[in-house]
Amino acid sequence: MARGIRKKLHLGSLLPFRCGTKTFQSEHSLIGGPGFSRVVYCNTTESRRVLTYGNNYVTSTKYTLATFFPKSIFEQFRRAANVFFLISAILSFTPLSPSSPVSSVLPLALVILAAMIKEAIEDLRRKRQDIEVNNRKVKVHRGEGVFDNAKWMNLEVGDIVKVEKDGYFPADLILLSSSYEEAICYVETMNLDGETNLKLKQAVDATSKLHEDSGFQNFKAVIKSEDPNANLYSFIGSLQLEEQQYPLTPQQLLLRESKLKNTDFIYGVVIFTGHDTKVMQNSTAPPSKRSKIERRMDKLVYFLFSILVLISFIGSIFFGSSTREDLENGTMKRWYLRPDDTAIYYDPKRAPVAAILIFLTGLMLYSYLIPISLYISLEIAKVIQCTFINQDLHMYYEEADKPAKARTSNLNEELGQVDTILSDKTGTLTCNSMEFIKCSMAGTAYGRGVTVVERALSRREELPSAIEVTNGEGQVEYSTKAAIKGFNFFDERITHGNWVNEPHADVIQKFLLLLAICHTAVPEVDEETGRISYEAESPDEAAFVIAARELGFEFYERTQTSILIHELDLVSGRKVQRSYKLLNILEFSNSRKRMSVIVRNMEGKLLLLCKGADSVIFERLAKNGREFEAQTQEHANEYANAGLRTLLFAYRELDEEEYNKFNEEFTMAKNSVSADRDEMMEEVAEKIENDLILLGATAVEDKLQNGVPECIDKLAQAGIKIWVLTGDKLETAINIGFACCLLRQGMEQIVISSETPIIKALEKVGDNSAVAVAFKANVLQQIREAKESLTTLSKSSEALALIIDGKSLTCALEDDVKGLFLELALGCASVICCRCSPKQKALVTRLVKIKTGRTTLAIGDGANDVGMLQEADIGIGISGVEGMQAVMSSDIAIAQFRYLQRLLLVHGHWCYRRISRMICYFFYKNIAFGFTLFFFEVYASFSGQAPYNDWYLSLYNVFFTSLPVIALGVLEQDVSADLCLKFPLLYQEGVQNLLFSWFRFLCWAFNGVLSATLIFFFCSHAIEQPAFRKGGEVAGLDVLGTLMYTCIVWVVNCQIALFVNYYTLKNHIFIWGSIIAWYIFLLAYGAVNPNISTTAYKVFIEACAPAPSYWLLTLFVVITCLIPYFTHTSIQLWFFPMYHQMIQWVSKDGQLDDPQYSQMFPLLYQEGVQNVLLSWFQFLGWAFNGVLNAILIFFFCSRAMEHPAFRKGGEVAEFEILGTVMYTCIVWVVNCQIALSTNYFTLKNHCYIWGSIISWYIFLLAYGAMNPIISTTAYKVFIEACAPAPSYWLLTLFVVITSLIPYFTYRSIQLWFFPMYHQMVQWISKDGQSDDPQYCQMVRQRLLRPTTVGYTAIWRQHPNAF
């Protein structure tokens, strides 16, 4: 088992936050005042008697048992649609209601209940997580020096707890002591702030000696501190022990959910519990985000509500007018209604009041236009979609055991509409796992490794030799994955101790020594293998210590005052153990950009060892320390251009007097508890970190994650714009861009930089105000020039890339410039923003989101990306090595950037299609149903009488039509996942919102109105007069309602059957099961007592089922209602195919693996070899079409002119007119038939086809003008009889269309489901992609016989294709 470092560590003298006995200053004087009133009695029950603080039970649930019902009800009625249905349900208890109260209340109750159950299930999951956390165990002092296990939730303020290594802190604790003699401990705060580096904490001296359980037997203390607050980085308090006061700072505070690392145990006293802890105080809900589709759906609901109000208003006006006319001058117009003795609802004397009341009735009756179950159905579908995302094994990162995690279901469909991706670089595109790969020591570059960026540069510059690594034997090697994590260095001049033979071996020795000493890493020794590993604050630091170890300087132990190294002695050439006394650590910070340590070596020399950014090290070099400056600067620039992260290393010797003065000032600054403590420490450190001697530079590689270039390339093919917002230098960012395919060969670069000669000249003068004005003007000029060049370059269709640095970006984001900057950026395919701060990332994201109105997606992995993730429409967190803060602030978490392509191109595309089609279908089925009510009301004088039974109305949305649409929203796929990735341009259907535009909605609305029209008028007119039953009884309202309802159930379910692209067993069960359920309901409900079933009593078993007309009419109406959609789809598929339909077509046989599109065309010849076009089947098909056309022409023409007057004078049609009309129809039909059959039109085709028809009319005119002895029956038949008659032209048009429908239908079905080889070629050629072999990967086997030569040749080349 791995063990930590030795426990006798005494770091008190070197800790930057050293705490000892000192006087209270500054903020500590506030203790006891407002906001600083907390008093904790440690290790006693006195605090529990005197003061009552919250317990340690935490809950993240939204509801409790007591609040669930009222709060969840409130949540449901925040939706306007539910409020409307609630009002309708209340009004149903009045005489105004067109249906019974139960039938009105039940659908709303079921929908609300389903939504509440969903809320309860989600909250139950959170409850289970809370139970798991609250029931964790920790050791608590029970008295008499005995510690026993207790549950976290049972902890109370003042308890003494013992937390062991790798355990989590159960509450906010004040550190009392630890397994180290100096009472220090190492804490990982990844769950709080996303940082993986270890924090060093130390108890006050007064409690640091309590190393045993028994030491707490008589321990008593009082802590006074600030009240609970959300500030993670501040704490003010005092510890009173044995009448002595000790100040408490953040250095003693251990926060809940932090983890104890590299320390065997700690003792602490509970200061804040439960929801008073700082982590819970920081728990805030992420910003509420709604998808664009959901917002548009709300508008559609309001639109339908407006339609509902309008038709109710129209109905009330007509009703009021007809009611007022019922009784005029004592005469009753509609006497059967008894207008002289009626209620207020139909009183002619109070017609306006009756109209108002019928308006309210209309609102309730037509409420079925608004889908009551839409919202809950969408939520169910989205939750299941999230489950599919979470369980997708293709997005599971096995190495870290991290699956994808959709943290919200609100944005599923938004994933399919992303227009712009804004990405962090480090940890997002790269691994954030550093490898030491190169270095510059004493002006000489070492390291032969090749980075990903260098390979990209080599490809770009066509220098293949640049990617080769030559070993000592002259053989070519390639840089592969490092055998040792963090170390990927290859150079025989340095490795294996060979560095001692280099010209400046003494400088190299100091450089490697600095690598081994200047850090805060902690070694861990595996007791079984003896192997040393390191816990470091950053991946860079770990890479440096590992590199030092591999190059002969092994850091193996840290004690109170020293660091122990096994190092290679330059004189003896042997490894020796040396100890360096560690005096001070000057920590790294973003403002300092450097870190230093001060040590004393075994010879007594004081050394300051410093590492930092080139911008701060070069300016601190001594005159005699610049020997290698030029070479090191050149090497550092080369490393940066290769995409490497560089640091410079320098040192200096200190004299005793200088150090003593520094140490005194530094100790005073450390012990200060004032607000400007950090600034004071930096000022002191600034004085001593000067006059340095340069040793060299390091270069570590943060490698691109696997699959990043391919992912970015695929997303670019999908038409998605990609912006990278990084803190790297401009040159580094450009080279990384080439490495990850964000920038491509031949792509024109537009660079906006602050490093211009004009600005540099002004900066040397030092006039800051002039520099600021000139700088902004310069940036604005660069943007305008780039905008002009953009216009020129865009005409040549070249892809453009914009690169801008941080300083220029600051100006570009100002109000008067950002519009121009955004125009420029949107004209580019790729944008890279360098040296970006976290605030700038958020501002850029907001600019793109608000100004473009398009969907933005931000992706990042660190705490500095949180603002960007929350600002974007969709925030994607990478669960990498920088902690969980980005993930906790994200909408969806994935483990690797490469999973983004599957998340968007597959799940995003599917979810967009599913939700869009689901909503459109919802509105269609409700409009179809609602308008049958409206049409019936027209015939019923808008009296509010419903044609359907109450329960028919109630169960339409919640039972007979709900499950198929949910299955559509969950299971629908237009193409498979592989094809989504193979053809990324499919994604543009979502970006362009093709499936949920206003045009699309209006088309579905029109389809719904058309279906309602056909259903109502066919049903009502078909059973209006004939006897319906066997006994001769005519159909009543009950039969009409049942018949129409049956047709609606069939039509809307068959409509979704045509609508579905991807069938599963569930689809079939839900669709056909819904229809079967209707008949079962009719039987069951019709058998119930007539007082309950009312108009449905035995209506099916006695009236409908025995009547053949019921079944025939149902079949006829269903087919008629589906023809418009089928015709529209066929025309659209034939002449205006969408991209996914083309892919469906060419993938019909499921073999898209042959990249040789060019081999496809010779196979067309097989259609002739196999006689596909002149088979008996083809001949009989055409013969049947001819007979069918003859039947349609003859019977339509003869029956149409059999009785009505044909001419204007009233004469009926005679033999000569019938012959002329039929002949005209034949000429039109056969010529239009050949027009439909022609694939390749030329001018000659048009002349011959339409010329033949025109020639027929010319012939009629000429031949009809001849002597009747010659022309006989054709004498003036056209000019006098046919041409003046509108029926001649209308009949011709009708007959031609009717005669062509069978062929058109056959062709559409054959084209859709059984495409021939030449048709597939035509289709993909129509889109202009016939030269793209990737686009045209399709089946070629279908028309080949295994015995043909072509089959053999192809099999030899592509055996896997068969």
Side-chain angles (χ1 to χ4, degrees), residues 1018 1021-1022 1116 1119-1120 1123 1127 1131 1174 1178-1239 1241-1308:
F1018 273 124
H1021 283 75
F1116 176 75
I1119 293 174
T1120 306
I1123 282 177
T1127 304
I1131 293 172
L1174 196 59
Q1178 287 281 329
F1179 169 74
L1180 292 175
W1182 277 103
F1184 174 77
N1185 189 33
V1187 173
L1188 184 60
N1189 285 343
I1191 293 171
L1192 292 171
I1193 292 171
F1194 174 75
F1195 283 102
F1196 272 122
C1197 291
S1198 59
R1199 291 302 177 91
M1201 299 189 299
E1202 190 173 6
H1203 298 296
F1206 186 77
R1207 305 193 191 186
K1208 190 174 182 181
E1211 302 91 336
V1212 295
E1214 297 176 353
F1215 176 71
E1216 70 276 7
I1217 296 176
L1218 176 62
T1220 303
V1221 172
M1222 287 199 299
Y1223 199 94
T1224 302
C1225 291
I1226 290 173
V1227 171
W1228 268 99
V1229 166
V1230 296
N1231 281 284
C1232 290
Q1233 181 78 71
I1234 202 169
L1236 285 177
S1237 301
T1238 300
N1239 290 308
F1241 271 101
T1242 66
L1243 181 60
K1244 293 184 178 66
N1245 291 91
H1246 287 289
C1247 291
Y1248 294 154
I1249 293 173
W1250 313 119
S1252 297
I1253 297 173
I1254 293 171
S1255 65
W1256 159 242
Y1257 289 108
I1258 295 173
F1259 170 79
L1260 270 179
L1261 289 170
Y1263 185 55
M1266 292 183 181
N1267 190 294
I1269 297 174
I1270 300 175
S1271 58
T1272 63
T1273 58
Y1275 180 70
K1276 294 188 177 180
V1277 69
F1278 181 70
I1279 198 68
E1280 291 186 357
C1282 295
S1287 55
Y1288 168 77
W1289 303 101
L1290 292 175
L1291 187 60
T1292 302
L1293 176 63
F1294 177 76
V1295 170
V1296 170
I1297 293 175
T1298 306
S1299 299
L1300 294 178
I1301 282 177
Y1303 175 76
F1304 183 78
T1305 303
Y1306 164 76
R1307 278 292 301 271
S1308 299

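We number each residue from 1, following the sequence as shown.
- Trp1250 meets the side chain to side chain donor-acceptor pair (under 3.5 Å) test with His1246; sequence neighbours excluded.
- In this structure, Ile1226 CD1 and Asn1189 CG are separated by 9.5 Å, a value rounded to the nearest 0.5 Å.
- Taking both residues in full, the closest heavy atoms of Phe1196 and Leu1291 are given as O-CD1, 4.2 Å, listed atom of the first, atom of the second, then distance.
- Residues Ile1193 and Met1222 come closest through the heavy atom pair CG2-O, 4.0 Å.
- In terms of heavy-atom proximity, Val1227 sits nearest to Trp1256 at CG1-CB, 4.1 Å.
- The minimum heavy-atom distance between Pro1284 and Phe1278, with the atom names listed, is CD-O, 3.9 Å.
- Of all heavy-atom pairs between Ala1235 and Ile1249, the closest is CA-CD1, 4.0 Å.
- Every residue two or more places apart in sequence or in another chain was checked for a side chain to side chain donor-acceptor pair (under 3.5 Å) with Ser1299, and none qualifies.
- Rounded to the nearest 0.5 Å, atoms CG (Leu1192) and CD1 (Ile1301) are 9.5 Å apart.
- In this view, Thr1273 and Glu1216 satisfy the side chain to side chain contact (heavy atoms under 4.5 Å, CB included) rule, not counting sequence neighbours.
- Proximity of Ile1119 to Ile1123: side-chain heavy atoms (C-beta onward) are separated by under 4.5 Å at one or more points.
- Side chains of Thr1224 and Tyr1288: a donor on one and an acceptor on the other come within 3.5 Å.
- In terms of heavy-atom proximity, Val1229 sits nearest to Val1296 at CG2-CA, 3.9 Å.
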